Amino acid sequence: MRIILLGPPGAGKGTQAKDLVNKYGIPQISTGDILRKNLAEKTPLGLEAKKFMDAGGLVPDSVVIGIVKERLKESDCHKGYILDGFPRTVPQAQELDKALAEMNTPLDKVLSIEVQDGELVARLSGRRTCRSCQEGYHVMFKKSKVADKCDKCGGELYQRDDDKEDAIVNRLKVYQASTAPLIDYYTSKGLLRGIDGVGAMPDILARMVKALEN
Ligand code: AP5
């Protein structure tokens, strides 16, 4: 199963992708996670991406397209994958189409997770992430058992730099300008399914599974 999770920052793409990984046994490919890993390791790619990410802007298409094309060639992608946060612009989507046509591996579905801006701001400003294993938490909606410690590995929880207020506002604007046009792009290809992204996390997962299996 080859799918894309589309949706604004904070829609729950990363949260739901982890449950879909468990359910279907296919990898999550998150360009945001790949870029943050490079940043943590201070690679040239990570240092270059940092200035775009901290301000809530997009990393240049040429950079992320190269990352994804390489990742799709890895052996764990043979059974499929969940693209999370890619594509994010029409040129990225067009390059993905070309790469998938060459590999003769068409997309199955694109799930567009829909959440209003007010809820997105509340989710992003309260998000915390484990520095060691990247598990996601929220100060209100998904609390860790011990404050600032990961339930799974005991790692330190931190707030992403781009989850500060100015960067959140910019990310929402960038989403509308650059990524929302992908809704029409994939609707015209008959691949898009809209998912109500508000409510309990297991209910949203059930909506996604239904959309994928029907
Ligand atoms: P990326 O990491 O992809 O960030 P994003 O798209 O902004 O998405 P988020 O991770 O913020 O949100 P999410 O939808 O995954 O929400 P989550 O599940 O965590 O990208 C970061 C940056 O990298 C970009 O700004 C850009 O600079 C760069 N980048 C990445 N990809 C790129 C690309 N293709 N091209 C160019 N640049 C790129 O949930 C959020 C919070 O809400 C969590 O705390 C969670 O616990 C909570 N939550 C989730 N679901 C619910 C629910 N149902 N109810 C209550 N709370 C919930």
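What you see is a predicted model, and the numbers here were worked out from it, not measured in a lab. For ligands, and for the atoms within them, numbers begin at 1 and follow the listed sequence.
- Given atom 53 (N) of ligand 1, the protein heavy atom at minimum distance is Gly199 O, 2.9 Å.
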side-chain contact (heavy atoms from CB on, under 4.5 Å) assessment of Leu157 paired with Cys150: CA-CA 6 Å; Leu157 303 189; Cys150 177; 3.9 Å; yes
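- Residues Ile113 and Lys13 form a side-chain contact, since some pair of their non-hydrogen atoms from C-beta on lies under 4.5 Å apart.
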Working note: Leu83 + Leu96, criterion side-chain contact (heavy atoms from CB on, under 4.5 Å); need CA distance, chi angles, decisive distance, verdict. CA-CA 11 Å; Leu83 285 172; Leu96 178 66; 3.8 Å; yes
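- A side-chain N or O of Asp97 and one of Tyr185 form a donor-acceptor pair less than 3.5 Å apart.
- Both the sub-6.0 Å distance and the 45° axial angle are not jointly satisfied by Arg128 relative to the ring of Tyr137.
- Annotation for Asp166: atom CG does not count as buried by contact number, only 12 or fewer foreign heavy atoms lying within 6.0 Å.
- No donor-acceptor contact under 3.5 angstrom links the side chains of Ser144 and Asp151, judged on distance only.
- With hydrogens left out, the protein atom closest to atom 34 (N) of ligand 1 is Gly85 O, 2.9 Å, a heavy atom.
- With hydrogens left out, the protein atom closest to atom 50 (N) of ligand 1 is Arg123 NH1, 3.7 Å, a heavy atom.
- Residue Leu124 touches ligand 1 through its side chain alone, judged by heavy-atom distances below 4.0 Å.
- Residues Met53 and Leu47 do not share a hydrophobic cluster, defined by chaining ILVMFWY side chains whose heavy atoms lie under 4.5 Å apart.
- Checked by atom type and distance alone, the side chain of Asn38 never pairs as donor or acceptor with a backbone atom of Thr43 at under 3.5 Å.
- Atoms of ligand 1 found under 4.0 Å from any heavy atom of Asp162, numbered from 1 in the order shown, are 21 (C).
- Looking at Thr15 and Leu205, their side chains never come closer than 4.5 Å, going by heavy atoms from C-beta outward.
- Heavy-atom contacts of Arg171 reach the following atoms of ligand 1: 4 (O), 5 (P), 7 (O), 9 (P), 11 (O) (cutoff under 4.0 Å).
- Counting heavy atoms closer than 4.0 Å to ligand 1, residue Val174 contributes nothing at all.
- For Gly12, a nitrogen or oxygen atom sits less than 3.5 Å from a nitrogen or oxygen atom of ligand 1, counting backbone and side chain alike.
- When only non-hydrogen protein atoms are considered, atom 27 (O) of ligand 1 lies nearest to Gly57 O, 2.5 Å.
- If you check which protein heavy atom lies closest to atom 15 (O) of ligand 1, you get Gly14 N, 2.8 Å.
- Shortest contact from atom 18 (O) of ligand 1 to any protein heavy atom: Thr15 OG1, 2.5 Å.
- Near Ile204, the atoms of ligand 1 lying under 4.0 angstrom from a non-hydrogen atom of the residue are 53 (N).
- Within 6.0 Å of NZ in Lys164 there are more than 12 heavy atoms belonging to other residues, nucleotides or ligands.
- The shell of residues lying under 4.0 angstrom from ligand 1, judged by heavy atoms, excludes Gln16.
- Comparing heavy-atom distances from atom 10 (O) of ligand 1 across Arg88, Lys13, Gln92, Arg127 singles out Arg127 as nearest.
- Within 6.0 Å of CD in Gln116 there are 12 or fewer heavy atoms belonging to other residues, nucleotides or ligands.
- Not a single heavy atom of Tyr175 lies less than 4.0 angstrom from ligand 1.
- Contact annotation: for Leu35 versus ligand 1, heavy atoms closer than 4.0 Å belong to the side chain alone.
- Ligand 1 has no nitrogen or oxygen under 3.5 angstrom from a nitrogen or oxygen of Lys142.
- For atom 12 (O) of ligand 1, the nearest non-hydrogen atom of the protein is Gly10 N, 2.9 Å.
- Residue contacts with ligand 1, taken as heavy atom pairs separated by less than 4.0 Å, do not involve Glu135 at all.
- At a 4.0 Å heavy-atom cut-off, ligand 1 does not touch Asp33 at all.
- To the nearest 0.5 Å, atom CG of residue Asp203 and atom CZ of residue Arg207 are 6.0 Å apart.
- Asp19 contributes atom CG, which lies 9.5 Å from atom CD1 of Ile82 (distance to the nearest 0.5 angstrom).
- Ligand-side atoms of ligand 1 in range of Phe141: 55 (C), 56 (N), range being under 4.0 angstrom from any heavy atom.
- Set against the non-hydrogen atoms of Arg36, the atoms of ligand 1 under 4.0 Å away are 2 (O), 21 (C).
- Val59 N, 3.1 Å is the protein heavy atom nearest to atom 37 (N) of ligand 1.
- For the ligand labelled ligand 1, residue Ala11 lies inside the 4.0 Å heavy-atom shell.
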